[in-house]
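Worksheet: one structure, shown below.
Predicted model, so just to flag it, every value in this text is computed and none were measured. In what follows, chains are A, B, ... by sequence order, proteins preceding strands, each numbered from 1.
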There are 2 protein chains.
Amino acid sequence: MSPAATLDNAQARAAVLRSANAVFYARGIAGVGMADIRNDSGVSLRRLYSLYPSKRELVAAWLTDRHTIWMEWFTSSVDRCRTAGEEPLLAAFDAIAEWASSPGYRGCAFVNSAAETAEIDDTHRRIIAAHKESLLTYLISLARDGGYAEPERLGRMIGVLLDGAMVDAAVLRSCEPIVAARDAAAVLIDASQ
Amino acid sequence: MSPAATLDNAQARAAVLRSANAVFYARGIAGVGMADIRNDSGVSLRRLYSLYPSKRELVAAWLTDRHTIWMEWFTSSVDRCRTAGEEPLLAAFDAIAEWASSPGYRGCAFVNSAAETAEIDDTHRRIIAAHKESLLTYLISLARDGGYAEPERLGRMIGVLLDGAMVDAAVLRSCEPIVAARDAAAVLIDASQ
DNA sequence: TTGACATGAGAATGAACGTTCTCCTATAGT
DNA sequence: ACTATAGGAGAACGTTCATTCTCATGTCAA
């Protein structure tokens, strides 16, 4: 099959997606060329195009991949706090706060990508919307598990707060909006007892 | 001085900014070329560059201009509802909901611009952050005028909700997040009585 | 009228970038 | 060993775009 020295398709795809994740998030889709992906991943342009026939398709693959990665990170962060006895719906904000404090934080990759009209097509838009729907579904399930009144309503309210927190923390380069959002979430949760 | 048939600098600037506002918001900064601005405004490239020495400076002028325009629209919308007897902090969400229902809605221009790393520089980022600070100041003043406990805290919570509502309405192409945000704001306001 | 200057229309320049192509190496199956 | 094929390196192509330049026109002050 493949020689030991080179990567098989699955390995090459993984390398490309890893680079795409780093570089698209850091510099935006329009700010990254295919040559940048090649330089970062070590996968040649030729192979890159054999794996992903166009930049659009690479972006779609990246968004899909990032959805999985992000949701795994997010749910496991919440889980960790849940087992530590914290209210999961509040733990969500702690996870975001920790992320926002880390170097290179630029807000939500999906929101940022959606803002780049020139680089985004309808396929991308659908992936992004599906990601937000998925996040909402998860938050609603947390609200349901918590036994609150009107879990769907509570979950949606928390969802708007979370997105606002991610965006404002990036724009203002501060965790203060996340603190305010968490604070608000606590009030909403109290009111849903 | 200037011939009657041509525009003086002030008129040309106004025409350029009007076009910039339409086209940068609709297609993003990277999605618009200087030639597009010329085509839309009728101001020649040469004059365009004599008014704004670079695209960066045009973008900065647009952001500054849009801040003024948007804040005027927003505060007057809130005022209109205030005189109609509605709680101003809730009227804010109604204003956003009406905007989001109008054709061409693409979320908050400042958030979208901040997401375009490749096109945005530090000057732009400062204008954007100042806009959000200004919005926050206004919301806090509304909370203060409403006589609520901890108006700064309430204003900041409403601010995160508003931004989340604008973003999510754009991403999901739905007013539902705005409704959820308004709903949450009502609970927060109640809790601040 | 004449010369200095502003302006418009749009061509030219130079860089960036998505995508394809060429040349060359190395491997795998025979 | 021999050929067909995959893959790498990176040049080449075609386009887009910010920015500048040229040429032609028109205006104002004298």
Original post:
Could you walk me through whether A:R18 and A:S41 pass the side-chain hydrogen bond (donor to acceptor under 3.5 Å, both in side chains) check?
Top reply: CA-CA 8 Å; A:R18 203 160 44 76; A:S41 67; over 6 Å; no
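A donor atom on one side chain and an acceptor atom on the other are found under 3.5 Å apart for A:T117 and B:R106.
Side-chain contact between A:R153 and B:D183: present, with at least one pair of heavy atoms (C-beta onward) separated by less than 4.5 Å. Residues A:C175 and A:S101 have side chains in contact (heavy-atom distance under 4.5 Å, counting atoms from C-beta outward).
Atom CG in A:L48 sits about 18 Å away from atom P in D:dA6, given to the nearest Å. If you measure from atom CG of A:L51 to atom C1' of D:dG7, you get 11 Å, rounded to the nearest angstrom. Note: CG (A:D8) to P (D:dG7) measures 10 Å, nearest angstrom. Following rounding to the nearest Å, A:I37 (CD1) and D:dA9 (C1') show an atom-to-atom distance of 18 Å.
Distance check: B:M34 CE to B:L45 CG gives 7.5 Å after rounding to the nearest 0.5 Å.
Pairing each heavy atom of A:M71 with each of A:S134, the nearest pair is CE-OG, 3.8 Å.
Every residue was checked against the ring pair (Phe, Tyr, Trp, His ring centres under 6.0 Å) condition with A:H124, not counting sequence neighbours, and none meets it.
Across the interface with DNA chain D, nearest-nucleotide mapping of A:R38 and A:S50 shows A:S50 to be the residue nearer the 5′ end.
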Nucleotide N/O of nucleotides 14-18 of chain D paired with protein N/O under 3.5 Å:
unit_1: D:dA18; atom_1: OP1; unit_2: B:V32; atom_2: O; d: 3.2
unit_1: D:dA18; atom_1: OP1; unit_2: B:K55; atom_2: NZ; d: 2.8
unit_1: D:dA18; atom_1: OP2; unit_2: B:M34; atom_2: N; d: 2.6

Under 3.5 Å between N/O atoms: give me all the protein pairs with nucleotides 21-26 of chain D, atom names plus distance.
unit_1: D:dT22; atom_1: O4; unit_2: B:R46; atom_2: NH1; d: 3.1

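Counted within 6.0 Å of CD on B:Q11, heavy atoms from surrounding residues, nucleotides or ligands total more than 12; the atom is thus considered enclosed.
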